[in-house]
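See below for the structure under consideration.
Each chain gets a letter, A, B and so on, in the order the sequences are listed, and its residues count up from 1.
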Amino acid sequence: MLDKHYDATGVEQKLYERWDDSGAFSIGSRDNAQPYTIVIPPPNVTGSLHMGHALNNTLQDILIRHERMRGRDALWQPGMDHAGIATQMVVERQLAEQGLDRRDMGRDAFIEKVWQWKAESGGLIGKQLRRLGASADWSRERFTMDEGLSEAVLKVFVDLYEEGLIYKDNRLVNWDPKLLTAISDLEVQQQEVKGHLWHFNYPIEGEECRYITVATTRPETMLGDTAVAVHPEDERYKGLIGKHAVLPLVGRRIVIVADDYADPEQGSGAVKITPAHDFNDFEVGKRHDLEMINILDREARINENAPEAYRGLDRFEARERVVADMEAQGLLVEIEDHTHMVPFGDRGGVPIEPWLTEQWYADAATLAAPAIKAVEEGKTKFVPENWTKTYYEWMRNIQPWCISRQLWWGHQIPAWYGPDGEVFVAHDEDAAQVKARAHYGEDVALERDPDVLDTWFSSALWPFSTLGWPEETPELQRYYPTDVLVTGFDIIFFWVARMMMMGLHFMKEVPFHTVYIHALVRDEKGAKMSKSKGNIIDPLELIDEYGTDALRFTLCAMAAPGRDIKLSKQRVEGYRNFATKLWNAARYCQMNGCAPDATFDPAMAKETVNRWIVSEMARLRLRLDEAMASYRFNDAAQALYQASWNIFCDWYLEFTKPILLGTDEAAIKETRAVTAWALDQLLIMMHPIMPYVTEELWQQLDDNRETQLIRSGWPEYGEEAIDADAAAEMDWVVRLISLIRGIRSEVNVPAGAKITALVKDGGDIAETRMARHQDLILRLARLETITPSQEIPKGSAQAVIDGATVVLPLESVIDIEAEVARLKKAVGKAEGEITGIDKKLSNEKFLANAPDEVVEEQRERRAAAVETRDRLKEAVARLEA
RNA sequence: GGGCGGUUAGCUCAGCUGGUAGAGCGGCUGGUUUACAUCCAGUAGGUCGGCGGUUCGAACCCGUCACCGCCCA
């Protein structure tokens, strides 16, 4: 017998082990089935489960479990990302606590430390994903730095280099002066900062007391100025173009150039140009062939290219000094308050510095072309579709991808330098030596490039590297391309776009047919969850409190496409109650001997209530599969919730009580079988979303099941299983009972009081239905009797259903006036409807243009409303008589 | 500045191709109806942000304005 209460925590651990141990998550046992593949967005090895992961992985698991039950050979490929900067920072911080510095211990020892850290405390998130119920094939778990994936990275780098799609270049990069590495555009966050705009006078060369005024938010960069730019059409400065200014503090002669970049509307219209420290100025510098003077070292201190007085100063100290010195020389014109955007490194947290260095780049524009085309041709579709535009927007304006990082943790770049700096890119040092020998004609000492690759370089290969590439494995053959990628919009650029590029380039096929973009999870006020705001809701705490199923159902129910999710505990609690409801319903079934019977065919059911619930299950199955096919997770959740609670529990189980308590053995037997069958259907269809409570019930309700629920088949019945007559009949019964309950409540009949009901003008249909379902109508409407009658006692409460008048003789308790008012209100409502429909039906254009079925529907609706109104009017007349 | 999204019941949100506005929570009323008080029954509450247009018909399509949010400069 089922326990009185469902113990989520105990059940979850037990079942997860049972699934995993039995190989339920593994591929390899369904060779004839069509494969279905999802690769997990690999969480950072440093990560712990937050709400975004919970949502992301719940949705993937729902898809995987659904397809697995539908018979597909479902592979959910798990793994983790080495997360270059993030991981290196974690380990460095730990070392710092012990007073150690990676630079003292050396590269190899440091990397050793990182691996050690990974073995000990990395991968916590894997355990957490298991608590979430993730049915990934853990036997295939991969890591972006493992041997096979590293091999893939090497091959991709060497191949792209040989094709000219990877190259070295000397240009401005986003330099993080704290982490001492280049970072990509995407790792830079623009933040609004309240600063100042300093207006400086630069003296014009050879002209006494003539100045050109420039404004800047970064005074210290003037030490590297090599020009002043003005707009070519700007009348104020036409005479100065081609002349020179003398750079104060430095004394350098700098040219005044004409360039569209100078905006006449901004400030004075003249702008100082520092080509080595600003991306826009860099472009201006190239156009005018200006000298590029780098005045900052890698930690953003002033270097030897600036006058001695400033050398060694930090960039912010230098700023103060420059302003003070300019003021002392009388060249500071004005200081304006100014709010502007400052680029910050998303990891280091300090303003990044545009800095001139040599780095490795991937030719993103060339790689992007096929990736754009594939989406244009519909080979990969975004759901919701509007993300396509975001993808295009970025891909069509893509910049060279800086792929080198000055870190130690990551894939070291396979490039070796000869004594003269000649570079040899090869799979390994031996291969590089061969190339070097060919170049120099003799063996030389080679030195490997110390840099590592951007973390996203390896994750770009994830959909095929995890399947064994570059080896031609059977898995690669079978499971690539994958089916759907589930992710948040925040990494469309970082990850999705790059997987598209690499997948198409190396596999010649898109990595996935569908990209499902889900929402961001926010707190209940709509703010993005973050540690600094302290508004993080920990999914594991919710799991502890309400159970995994409740959390999963909540996330699924809220995953409407295209909108952020505001998560509240109250909602989770509601779905915990839903799981409890299901548990109790199952207990009830068990107590009433409704045991699953595999040989029972629901199509054979004779009782109307049973035929009806079979129809309802068929309708659910159709709705559910449609919702799943279009990734409408919220619709799927809603369909299940309604069918379970509002149909199965609220009505069906109540309907069958009179049968089960009765004496008709054949009906009892059939009803038990159908009840057990319907419950099974709910468990099956609910399982992808609420795997634990459903599996537990599945196993406890029948000890003899041959399969676990996770492996059971998905229903296939559909329209043919729907009995429209039974549905109409039970719908009428539901409405009748609701109607009577409503009247009782409105005229204040005590809940416990049993009363009688009469039905006038019911006709054959209503009378047959009444007779057939008398027991359950009496029980659910709490009536003594219900009988057809043309006689209506004085002072009765009345209501109308499908042309029949339901009469509750209550002369002693009823307030006639109130009852008349109630009925008149109903008359008014019916008349309002009739008027509305008449307006349409008398409109010739409506009759001419609307589809026939719409017109017909309006006519039927009018007829019904007229009938209802007339019956209600009669009822009023009887009361007033 | 460019792009995207939002504005529907007190709150949080559904409403897919235009054809009678829905759910959960909360509120109110009443319930020890032998599965469930983590429950049951009933009930109130909406000019679908404003204005204009298209249409026989608009929460839904178009235009415009207002406010909110996100992304990219």
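In this structure, A:K839 reaches neither bases nor backbone, as no heavy-atom distance under 4.0 Å exists between it and the strands shown. Among the atoms of the strands shown, base atoms are found under 4.0 Å from some heavy atom of A:T580. At the heavy-atom level, A:R576 lies under 4.0 Å from base atoms of the strands shown. Here A:P851 lies in heavy-atom contact (under 4.0 Å) with a base. Nucleic acid contact for A:C589: none, since no nucleic acid atom lies under 4.0 Å from a heavy atom of the residue. Within the 4.0 angstrom heavy-atom criterion, no nucleotide atom of any strand lies near A:K840. A:N849 comes within contact range of at least one nucleobase, with a heavy-atom separation under 4.0 Å. Among the atoms of the strands shown, only primed sugar atoms or phosphate atoms (P, OP1, OP2) are found under 4.0 Å from some heavy atom of A:D650. Note on A:R861: a base of the nucleic acid sits closer than 4.0 angstrom, heavy atoms only. Within the nucleic acid shown, A:E844 has no heavy atom closer than 4.0 Å to any nucleic acid atom. Using a 4.0 Å heavy-atom cutoff across all strands shown, A:E393 reaches no nucleic acid atom at all.
The structure places CD of A:E616 at 11.0 Å from CG of A:N646, a figure rounded to the nearest 0.5 Å.
Here the nucleotide nearest the side chain of A:R741, chosen from B:rA41, B:rG19, B:rU33, is B:rA41. Among the nucleotides B:rA14, B:rG30, B:rC39, the one closest to any side-chain atom of A:A751 is B:rG30. Of the candidates B:rA23, B:rG15, B:rU38, B:rU38 carries the atom nearest the A:H5 side chain, counting heavy atoms from C-beta on. In this structure, of B:rC70, B:rC25, B:rC40, it is B:rC25 that holds the atom nearest to the side chain of A:Q570. You'll find that the side chain of A:Q638 is closest to B:rA14, out of B:rA14, B:rC39, B:rC71. Side-chain proximity of A:A850 to B:rA41, B:rC56, B:rC70: nearest is B:rC56. Distance from the side chain of A:K845 is smallest to B:rC56 among B:rG15, B:rA35, B:rC56. Checked against B:rA35, B:rG3, B:rC39, the side chain of A:K389 finds its nearest nucleotide in B:rG3.
The aromatic rings of A:F489 and A:W387 lie parallel to each other, their planes meeting at an angle below 30°, with 60° marking the opposite boundary. A:Y516 and A:F633 have perpendicular rings, their planes meeting at more than 60° on a 0 to 90° scale where under 30° would count as parallel.
No close placement of the A:Y546 and A:Y575 rings is indicated, their centers lying 6.0 Å or farther apart.
Summarising the base pairing, B:rC67 is matched to B:rG6 through a Watson-Crick or G-U wobble pair whose two defining distances lie under 3.5 Å. With a cut-off of 3.5 Å on both pairing distances, the Watson-Crick or G-U wobble partner of B:rU29 is B:rA41. Pair assignment for B:rU12: B:rA23, on the basis of Watson-Crick or G-U wobble contacts that are both within less than 3.5 Å. Shown here, B:rA35 forms no base pair; nothing in the strands shown gives a Watson-Crick or G-U wobble contact with both key distances under 3.5 Å. With both pairing distances under 3.5 Å, B:rA59 is matched to nothing as a Watson-Crick or G-U wobble pair.
Between B:rC39 and A:N577, a contact under 4.0 Å exists linking OP1 or OP2 to a side-chain N or O.
Within the 3.5 Å criterion, the main-chain N or O of A:K839 finds a donor-acceptor partner in the side chain of A:S842.
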